[in-house]
Amino acid sequence: MVFLQRSRPANPRKRPPPPPDVEPRGAAGADSSAAVDAAAALLADAGCTLLVPPHQAPPLPSPHAFAARLGRALSADPSAAPRLLAGVAAFAAASPARLRQLLLPAAPHAPSLARVLLSVPALQPGLLALLLEKLPEHFDDSGGALDGLPLQDDVGRLIVSQFRWLDFLADADAFVEKLVEVLSVAPPRLKKEIIGSFPEIVGDQSHATVVAALEKLLQEDSEVVVAVLDVLSDLNLNEELQEQAVTVAISCIRTIAPDQIPHLLRFLLLSATPANAGRIILQIREQLRFVGVVDPRAARSKKLKGKASANSTDGAVLDTLRSGLRFKNMLCEAFLKELKTVDHPKDHKVIDVWLIMLIYANGGALQKSAEKILKSKILRGCIRETLFDQCIRGNTELVKEHFMSFLSVSDYLLACKEDKAREFASYLFTALFEEFTDTYSRQELVGSLVAHIGSGVSYEVSSSLDIMISLTSNNSEELIPISSHITGILDYLEGFHEDNLRKVYDIFCQLALGAGFNTGSGGSSVANELLMVVRKQVSNPDMKYRRMGIIGALRIVSTIAHVDVNAAVNCSSSQQPNCEESLELLKMSVNSCKFVTLPLIFLYDELAALLESKVLHSAILDCSIFPTGPFRVADYLAEFDTSFLADLNNGELPEKHLSQPCLQILPSQFSILTTIERLVNEGSLGGINALLGCPLHLPSTKHLDGAKWGNLSGLQKKAVCHSLYYAINWIRELLNAFSTQVASRVDNFSEKARDETALKLLKRLRNLILLEGLLNAFLKKYPLSLPELRYLGDCSGSTSTSKFNLPKKMGEESMDVTSSNKRQKGSKDKAASEKMNPDDKLKQPTILDAFKRAGVTVSQTTNKASSSGMMSKDIEQEANDPGELGLVDLMTAPVQLDMQRFKFRTLHTRCLSLLNYSECQDSSCSSLETELPIYLYLLRDLHNKLDNLNPATKPFLSTSQAKCSCVHCHDNTQEFLDKIQPLFSVLGKHLDEAVSMIRDESESCPDNWSSHSSSAGNPDIPYVVVSKSSIAAAVCKEILGCYRKLVAIPDLLNQPNMSVLKQLLQTLQPTENFDDILSEFQPSLAPSNVDYLYCGACKMFEDIMDPVCSFSYLLSSDVLITMQSIVNSVVVLLDESGESNQKKIQIGCSKAIIPFLRKRLSQSAHKLLTADQPSEHAENGWQSKGDLIQKILQIYLRNSESTSDLLCELCKALTQKTPHRRLIPYFKAPSLKTKGTQEASNGFPTLCSSTIPTWYRVLHEENTGTLNKTINQALKTRALPERGSIDTILEEIQKSVEAFVYLIQMCKTHEKVSIHAMAVKHGGKYIETFLKAFNLLETQFKEHNAIILKMLKELQKATRTIQTICSEAKGYKRTMITSKVPPAKRSLEKFLFQVKALLHNCSTEKKFRMGNLKHKDMHGHVVSSQVYGSVDDEDEEQMETDSDTPADENDNTMDEDAVEGSNDVPMEEE
């Protein structure tokens, strides 16, 4: 390769003309002439004429023949060679022209004379030395080829050209050494020429010298980097020299000029091998700098937009990296491997992002790996938005080539389940949209978002809509030209649920608003299409589309009537048309819902929520949205009074007030009334505060008497239930409305008025508790589907007759099915339904309507009043029993109401502020018995809200109902935490009060609740009771449940919410100092730190455990589970902050508290397991507590200091204490050897005949899980020996095997079929898990053969027992066991051959023998194969060994890390 350099042009006028060919006179000249003549004679004899005119080269008729003749002549005369060299030297010294004659070829493709002479071995060393000596004389010749000087005039380059492609080098080392010396002093032009010629000059034997010289040269002159790298690429280097060359190149990364970086990277990537790929990638990551990175803030301000060009240095670097990664996958793998080891955000660089994008663009299998690594880095916070910001902002031209890769990565992140990944995708979409202003790129972005919107995945759709809302809000005018790509969403609106539907309408409202709803710009088409769709939906008789139209109309109203929006419009004349448009839509919506209850409820609720969330134009508050004409607050109050408030006529309401639809819309209409009232009066409800104390017209108390309940007709019972139901929801809306007066400070509302309002609300709560208790009791005896008082989306309207709305008892007992008439009846009902008025379809259906639609024949009893409300004959007869209601405890959970709670009006979060208020102003009045029932109601509601916010388990209701329960709950997690944060201290206070009631064993005073209930206006009903014990237990249970839900909220553990977490933990601190139990921590924990507060919380629950345990075992188990949630919260908190110790210091929490808390938790669990059940017969009491025993035992085992030791001892003692053919009622536990574990000398009363299956299953599951964790740790230990000891791991496996054998051997003395079934099932899983350890056992067999053989021998005992159980189950046809036999048999067979392979590979095969098992029973007696009758014979393989070698039969293992936690263990006995 030739490198040309421009130099100063020579002045031809100063160049002397060629000297005449005149020989110098004198003695020296005579000697030179004689030497030249002698050389010419020698050359002439060989066939070459040396002395020719200066402008001609000596002719060579046949170069090869000439060289051969000359070589023979020189061989014949040893003195000829020196004479010839002296003559050539004299000829070259005569003048530059003569030297040029030697270097120039005589013909175009013929060699020069010097080249031919170099092919003669006798002449080559001397002639090479001569040419190298002549080379420095021509360093200062003319500039070079760039100035037009041809090669034949450049003597220096001609000399170098003679060295190329020589057939041989007589003395290569001397020549290379001399050439390197010349190279060190050569000018840059000639230096690059010589460097580029090295591959053509030197041979492989001289490469080491060349590499060393080039390395030294790079240290002296950095301008020759590119030439050196090209030479190193062309040289055929061995591995050692190649590594040396790579090291040389790496050392130049920081010092090389920016424009030369692509050449350096190309060399490094081409030189990569599996051995050095990791080092090359590491150095590129650490040392490579992107010189074109711009300031993201300046880029966002459009000052440097598009600064980085695709043809710039960065573009060339990316092209080089892309080509290198595309053709060498090992580089991609090395980079991904290196990136996995980088844990800190500060260690990630911009080059990481680009390399990920380049690997992603290459596709293939590595694309998935790149996606996963990028996702994990984003989730862990290692790769942040600033890195992508530096890549994208201001680098439009650079990113343009990789735009689709960035878009594809954004698509992948947007489809992830994790919120953090989707938030990152939102940033990427926004950044790409803002950076790329061309139509094509934005169309691709919008099209991708639309595809995600149509994916059907809820979280993906929601996040995509959020991104689209952000784009339309900030760039609506720029999106209008490509709005045609978005409007297609309007064709698929029915596929969105309500929250996403609101977002869709917000998107189109923003687009329409960008151009104006009443303008002729491009946005008017969007506005016209939107308005057309909404009008069609509002007028559609189908409730589904009408609901969509109501949502759309209100979103349009909220957009164009918002005060801030109208204030931003420059043209004031456009405000009025906008308001008129919104008013028209609003009126159309109201008119379409006038005579249909559920849509009207939905409209009122949506409008109330809209008025609370946004400030609308005053014209909206004055609009005609109600049937009675133009709206004013006073006019609507009058209408409300007329509809719902009236004087009684002889104790009865007028007929017009008895309409059910009127009562059905009452709560929603009242909600919008109070909302408008607060907007008009600056938050005060003083104008309508009389409604809070207004009495309710309810059925007479004689109808509520349990003894007379059975005498009521079905219609009367229905009327009573509906009356109570409407009264309950009226009170709930009163609480929602007037809690605003006490939850937050209102300027024109005095403190005295606030306290009076709070007292009234507490009295209303007493009314609510009584009414819900009565309704729950009535529904228990008279199942009834209650009308819906809030719209539930797809779960409401005509679908209210679905099966989930009907209690099971009612669905089973009230239907008399006639299968022969089912089809005929169904066809009649279908025909009848077609004749119905469309409005009738939207009315609240009755129970009988539901049965008729299901094709069921319902038997009815006639009633003079009405036959439509009659119940079935079975229910009617059941309801005729006198006194069937029994005692109604108001403190028990209303199960029947909770089944239909989704139809009730929702209590707002602000109602929970009533927990801070008390009715008792006098200090002598005890509030424990009188006010805890009120607080209990609010606590249950808080618990339900926490369940909806962070559901941990499958809800009791169906999926659709679970979704409906969250309707109109628009608070996100952060808003909800902010609202309930003031309640943390109140929760702790009420928990203390409840515990103090439990400590007090005095009898309850019934007058306390009755007196306050009477003062609240509640009637005196004898069979309604409130027990002191049930109050305390229920309050404790609800508060503990709330604490568990609170600490499980993921957002609570984030750094911004640390203050909220601390405030929550501060309410859980014990009253007494507990620093003595924290003395083991060095340095001591600071009281203000989170770890100290966590320890205090666990100590407080430990203190509660003692009084609660003696009162209720169920409640004490709740305390223990709450303690476990506290420990789990610590673990999650420290795991999230695990990437840096600095973050742990910031949150004030150390991992040292985890073992401490787990030890305390294990001790508390042990205390419960060894506690006697209070006030219950042990055998009968424990029978119903299997699930609790399972959880407590799991906590005990998993949090002990040595789970394997504890399992081994418990299993051993369980086997020893189990007598033959009967179960133990009481079990003395062994003395536990683990440090810090309380001795179980007092035994385990929880282990009895009814709970032994639970114990047996849990011990199996925990033992298998412990083995699985141990094996996984062993596999890590093989790669990282510092993580543990192989000896310790093998000992742990041995303990697990012993525990397993003890559990299986227990079947010999325990004949319960369920125990045998669990032995087969979990035995197979254990053996399957053990199979994972065979690779480890094989590698460690030579050093630890004794313990390995011992554990295999032990396992043989268990596998034989499992084989016997399977055989007996087949003979006795025990299906509970036989269904689990096949997987167990497969595991045993795999285990058998694994043992055989292990012993074969370890040269102990001679000690292994495999045969058939003898047919024996569980007691070891040989049994005839025909003893079971017609049972097929089955060959049982057996392993037998001598005294030194074990024989293994079968084994069970788990493929998963998690053990099975099924609670359904069938109980079956012979």
Side-chain angles (χ1 to χ4, degrees), residues 1207 1211 1215 1253-1272 1293 1296-1308 1310 1312-1334 1337 1351-1372 1374-1398 1410 1413 1418 1434-1439 1446-1466 1468:
L1207 275 170
C1211 295
T1215 305
T1254 301
W1255 276 72
Y1256 191 74
R1257 181 180 68 252
V1258 173
L1259 290 176
H1260 262 302
E1261 292 171 348
E1262 295 303 316
N1263 189 40
T1264 307
T1266 303
L1267 175 67
N1268 192 56
K1269 292 179 182 178
T1270 304
I1271 293 175
N1272 289 338
I1293 296 177
S1296 176
V1297 169
E1298 292 178 2
F1300 174 68
V1301 173
Y1302 286 136
L1303 289 173
I1304 297 299
Q1305 294 298 322
M1306 180 180 166
C1307 295
K1308 293 184 177 181
H1310 201 296
K1312 208 165 189 179
V1313 177
S1314 60
I1315 298 295
H1316 290 194
M1318 284 188 285
V1320 175
K1321 175 183 177 181
H1322 294 285
K1325 291 181 178 180
Y1326 184 90
I1327 296 297
E1328 193 69 28
T1329 303
F1330 191 85
L1331 290 176
K1332 298 178 182 179
F1334 270 95
L1337 299 180
M1351 69 175 65
L1352 294 177
K1353 285 182 180 181
E1354 290 294 323
L1355 274 175
Q1356 186 180 11
K1357 300 176 183 178
T1359 55
R1360 286 181 174 176
T1361 303
I1362 294 175
Q1363 291 280 16
T1364 303
I1365 295 174
C1366 295
S1367 180
E1368 286 192 355
K1370 185 175 181 180
Y1372 290 120
R1374 295 171 176 168
T1375 57
M1376 182 186 296
I1377 302 176
T1378 55
S1379 62
K1380 301 171 178 59
V1381 168
K1385 287 281 190 179
R1386 286 192 294 269
S1387 299
L1388 292 175
E1389 183 178 358
K1390 288 190 289 185
F1391 175 73
L1392 173 67
F1393 288 102
Q1394 284 280 9
V1395 173
K1396 182 178 180 180
L1398 173 66
M1410 184 167 61
L1413 282 174
M1418 292 295 296
E1434 181 178 303
D1435 291 336
E1436 305 283 354
E1437 291 182 327
Q1438 172 191 10
M1439 297 177 301
D1448 293 11
E1449 289 179 324
N1450 297 307
D1451 199 326
N1452 299 331
T1453 60
M1454 290 183 63
D1455 291 331
E1456 299 178 359
D1457 292 342
V1459 297
E1460 182 175 334
S1462 175
N1463 298 330
D1464 300 330
V1465 179
E1468 180 179 329

### Task
Take the angle between the ring planes of His1322 and His1260 and call it parallel below 30°, perpendicular above 60°, tilted in between.
parallel
#### Entry: Donor-acceptor under 3.5 Å (Gln1394 side chain, Phe1330 main chain)
no
### Query
Is a side-chain N or O of Ser1367 found less than 3.5 angstrom from the main chain of Gln1363, in a donor-acceptor match?
no
### Task
State the CZ-CD1 distance between Phe1334 and Ile1271, to the nearest 0.5 angstrom.
9.5 Å
## Note on the structure
Rounded to the nearest 0.5 Å, the CE atom of Met1318 sits from the CE atom of Met1376 at a distance of 9.0 Å
## Note on the structure
Residues Ile1315 and Pro1253: closest non-hydrogen pair is CD1-CA, 3.9 Å
Under a 4.5 Å cut-off applied to non-hydrogen side-chain atoms, are [X] and [Y] in contact?
{"X": "Phe1300", "Y": "Leu1267", "answer": "no"}
{"X": "Lys1353", "Y": "Val1301", "answer": "no"}
{"X": "Ser1296", "Y": "Thr1266", "answer": "no"}
{"X": "Lys1370", "Y": "Val1381", "answer": "no"}
{"X": "Leu1398", "Y": "Leu1352", "answer": "yes"}

### side-chain contact (heavy atoms from CB on, under 4.5 Å) partners for Thr1378, two or more places apart
Ala1369, Thr1375
#### Entry: Residues in side chain to side chain donor-acceptor pair (under 3.5 Å) contact with Glu1298, at least two apart in sequence or another chain
Gln1294
